[in-house]
Amino acid sequence: MNLSDGIGVLSGVGPKRAENLKELGIETVEDLLTYYPFRYDDIQEKEISEIQDQEKVTLKGIAVSEAVVSRYGYKKSRLTFRMMQDHAVINVSFFNQPYLKDKIIQSEEIAVYGKWDAKRKALNGMKILASKNDGEEFAPIYHVNKKVRQSSLIQLIRTGFEKYESLIEEILPLELLEKYRLMSRKEAMFAMHFPTTPEESHQAKRRVVFEEFLLFQLKIQGLKKQEKAEKNGLAIYYDVDRLKEFTQSLPFELTKAQKKVTNEICRDLMSPRHMQRLLQGDVGSGKTVVAAIALYATMTAGFQGALMVPTEILAQQHMESLQQLYNPLEVRTALLTGSTKTKERREILAQLASGEIDIIIGTHALIQEDVLFHQLGLVITDEQHRFGVNQRRILREKGLKPDVLFMTATPIPRTLAITAYGEMDVSIIDEMPAGRIPIETRWIRPPQLDTVLDWMRKELKQGHQVYVICPLIEESEALDVKNATEIYEHMTEVFHPDYQVGLLHGKMKNAEKDSIMQEFKENHLQLLVSTTVIEVGVNVPNATVMLIMDADRFGLAQLHQLRGRVGRGSEASYCILVANPKNEMGVERMKIMTETNNGFVLSEKDLELRGPGEVFGARQSGIPQFIVGDIVSDFNILEVARQEASDIWKKINWWVLPDYQGLAKKVKPAEDEAQFFD
Ligand code: ADP
Ligand code: MG
């Protein structure tokens, strides 16, 4: 018997059931025992005065009436009775469970678990608790699907523990267990499912999170060591003189932060170790020029470089900026996107394969199968959070371990980035180019909109342009479009025919979007009403006003991104947030926006207010997903685990030490599947 036994060994699990469990990711007994609930229903008894509306609670009292069942509709029924707690009478009802009638005995004590309706002082019953010494004060709630039900899963987990509990071995060294006063592995695993007190639940989680983070840190730190030792990347011997010449030819002096990150990147390029670096910099901090320098360096060493961006507009924009920066140097650049014509595409592919193109800029079109490089040395992805993990990997695999640089403007607080991204090196541009006029942000309530529109007319009169961003209505794309169209019509009413208004939304075809964007860039349109499709990187320096409707529907990081679309020229720019926040948190968020232009401060605040899942959009961010741990609320544990992992790696051949066998077994086999980021 072994924890890695297939789930089929448990009685009651046949091939069909095993198949259903597999859909939940449960294949072995260990999978089952570590399939933790995502929350618990607190079924401890409560007093009425302690309960919130709609809260799920257990109430105990004396049944003071008989249960009455009334039937209605087809096979529908409602059972009601009254219960007295202290001196309060509570109405209890159960829907479609007429068979409970016999369990309710007048004048006897009864405990009912259900949802509290504060207005009606009534309980919508969900179940009757058999007796108090159930021991089950917190009912675990699992993610399940139609084929696997809560109750049967719980039953199966109990069976699993009965048969296999004695096989659960400790994997943490005694030293760590004592140092952090951690529960044993066996105890913690059981208490994760069936805690008897809040404290026990807390301790179990603390132990499990620590283990999860420690294993993660051990793995990535191991990978990093391995990469360093292997020197298995490319050594890009760039031409230092030519690179200097290039940086001196730039129309501006690099900021200190740009110089620092450029040095970090160049050092990595030169070294034979495989670069995997994340470049973070707030919107407008000047990442593009850093990319241009790295790509140029790569070219002088005889390698090709690729820059991948998420949208066609951005690709074109980068192409233009790079060509400007490289002029008059001899750099053979090319642009490859979805709309590149077949004939031109064929030529580009041939030139890429023969090495006649030095630097290619493009969208997803770069990762198609027939795109082959002569000698790809450096891959850069801009706005990296916009790409899926696989897309990034495919491009990388087009070379022999080319160096990789990810750029992102989604600022992740420094400490968090370093800890969470573990195996990646992180470079941060934490300074803006000099001479920027800070964007002025104002928050107004909807009734003040007319005044703002009057003021906007003045901006338009000076020849400036305006973005109007419509809120995202998550429930339905159709509503989204309808809403954007209404705002568009309103703006047209107010400003037409003096000014031209354009509309951009997610339902439009790419070509259509691009052509509207182009018209805005060329100032044929002075106002652009848009859903958030413009969020990423567009550059229209003549736009000086960003008006965001229902701004409280957006995350702070997203508002900050949107705000970054203005303030790109030499004129003073404004961001106007129109919002009527419904709670304190909303007010707080609007205020913060008006108080700071620093993306890192905002993102830290956003994390604090909303948590990482919301802020980074779980999947896209590239931030590893932990099953139990939460990189923000459990940040302290993450930090401790990182330190401990680093200390463990300092021990010579730690994996042969007797007390570390448990960890070694967990860390070792996963090495080749430990692809956390790409
Ligand atoms: P982002 O980091 O958001 O991609 P960009 O690379 O688009 O920012 O840079 C924003 C603007 O700042 C560009 O117009 C760029 O030419 C300019 N810029 C970049 N670096 C400097 C600098 N050191 N001094 C002055 N302007 C700069
Ligand atoms: Mg950029």
- [ ] Given side chain to side chain contact (heavy atoms under 4.5 Å, CB included), test Val566 with His464 step by step and report yes or no.
- [x] CA-CA 11 Å; Val566 297; His464 299 159; over 6 Å; no
Task: Step-by-step side chain to side chain contact (heavy atoms under 4.5 Å, CB included) determination, Asp358 to Tyr326 - done: CA-CA 12 Å; Asp358 301 313; Tyr326 291 145; over 6 Å; no
TODO: Take His505 and Met508 through the test side chain to side chain contact (heavy atoms under 4.5 Å, CB included) and record every step on the way to the result.
DONE: CA-CA 6 Å; His505 61 68; Met508 292 172 153; 3.7 Å; yes
TODO: Check step by step if side chain to side chain contact (heavy atoms under 4.5 Å, CB included) holds for Arg565 and Val283.
DONE: CA-CA 8 Å; Arg565 299 307 111 213; Val283 209; 3.1 Å; yes
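Looking at Glu512 and Lys507, no side-chain N of the basic residue comes within less than 4.0 Å of a carboxylate O on the acidic one, giving no salt bridge. Salt bridge Arg277/Glu264: present, at least one basic N to carboxylate O contact under 4.0 Å. Arg267 has no carboxylate O lying under 4.0 Å from a charged side-chain N of Asp425, or vice versa, which leaves the two without a salt bridge.
Shown here for Met432 and Asp282, the closest heavy-atom pair between the two residues is CE-CB, 3.7 Å. Across all their heavy atoms, Asn523 and Gly463 have their closest contact at ND2-O, 4.1 Å. Considering every non-hydrogen atom in both Ser570 and Ile437, the closest pair reads O-CD1, 3.3 Å. Here the closest non-hydrogen pair linking Cys470 and Val529 is SG-CG1, 3.6 Å. Pairing each heavy atom of Leu269 with each of Ala294, the nearest pair is CD1-O, 4.0 Å. Heavy-atom minimum distance, Ala365 versus Gly338: CB-N, 3.9 Å.
In this structure, Leu503 and Thr485 have side chains that are in contact, with non-hydrogen atoms separated by less than 4.5 Å. Using a 4.5 Å cut-off on side-chain heavy atoms (C-beta onward), Phe554 and Ile469 make contact. Using a 4.5 Å heavy-atom threshold, the side chains of Thr441 and Leu559 count as separate. Using a 4.5 Å heavy-atom cutoff, the side chains of Tyr467 and Ser530 are not in contact. Looking only at side-chain heavy atoms (C-beta outward), Met491 and Leu547 come within less than 4.5 Å of each other. Proximity of Asn598 to Leu602: side-chain heavy atoms (C-beta onward) are nowhere separated by under 4.5 Å. Under the 4.5 Å side-chain criterion, counting only non-hydrogen atoms from C-beta, Met546 is not in contact with Ile439. Taking 4.5 Å as the limit, every side-chain heavy atom of Pro310 sits out of range of all side-chain heavy atoms of Thr381.
Side-chain N or O atoms of Asp403 include none that pairs as donor or acceptor with a backbone N or O of Leu378 at under 3.5 Å. No donor-acceptor pair closer than 3.5 Å links the side chain of Glu459 to the backbone N or O of Val466. Side chain of Gln526 to main chain of Tyr499: no donor-acceptor pair is present (N/O by atom type, distance under 3.5 Å, no hydrogens or angles). Between the side chain of His318 and the main chain of Leu314, a donor-acceptor pair closer than 3.5 Å is present. A donor-acceptor pair under 3.5 Å is formed between the side chain of Thr247 and the backbone N or O of Leu243. When atom types are taken as modelled, the side chain of Arg457 and the backbone of Val494 share a donor-acceptor pair closer than 3.5 angstrom. Side-chain N or O atoms of Asp552 include none that pairs as donor or acceptor with a backbone N or O of Ala579 at under 3.5 Å. Side chain of Asp550 to main chain of Arg553: no donor-acceptor pair is present (N/O by atom type, distance under 3.5 Å, no hydrogens or angles). With hydrogens and angles ignored, the 3.5 Å screen pairs no side-chain donor or acceptor of Gln375 with any backbone N or O of Phe303. Judged by distance alone, the side chain of Gln304 and the main-chain N or O of Ile357 form a donor-acceptor pair under 3.5 Å.
Within a 6.0 Å sphere centred on CD of Glu369, other residues, nucleotides and ligands contribute 12 heavy atoms or fewer. Within 6.0 Å of the CD atom in Glu356, the count of heavy atoms belonging to other residues, nucleotides or ligands exceeds 12. For Glu330, the CD atom counts as loosely surrounded, since its 6.0 Å shell holds 12 or fewer non-hydrogen atoms of other residues, nucleotides or ligands. Remark: Tyr237 OH is loosely packed, at most 12 non-hydrogen atoms of other residues, nucleotides or ligands lying under 6.0 Å away.
Using modelled atom types, one finds no donor on one side chain facing an acceptor on the other under 3.5 Å when comparing Thr340 with Arg345. When only modelled atom types and interatomic distance are considered, Thr544 and Glu571 share no side-chain donor-acceptor pair under 3.5 Å. A donor-acceptor contact closer than 3.5 angstrom is absent between the side chains of Gln351 and Glu347.
A distance of 12.5 Å separates CZ of Phe406 from CD of Gln280, quoted to the nearest 0.5 Å. From Lys513, atom NZ reaches atom CD1 of Ile313 across 8.0 Å, with rounding to the nearest 0.5 Å. Residue Leu504 holds its CG atom at 10.0 Å from CZ of Phe520, rounded to the nearest 0.5 Å. Atom-to-atom distance recorded for Thr288:OG1 and Gln317:CD is 8.5 Å, nearest 0.5 angstrom. Rounding to the nearest 0.5 Å gives a distance of 6.5 Å between CG of Leu322 and CG of Leu307. Taking CZ of Phe246 as the reference point, atom CG of Asp241 lies at 15.0 Å (rounded to 0.5 Å).
Ring-plane geometry between Tyr574 and Trp455 is classed as perpendicular, the angle between the planes exceeding 60 degrees on a 0 to 90 degree scale with a lower cut at 30.
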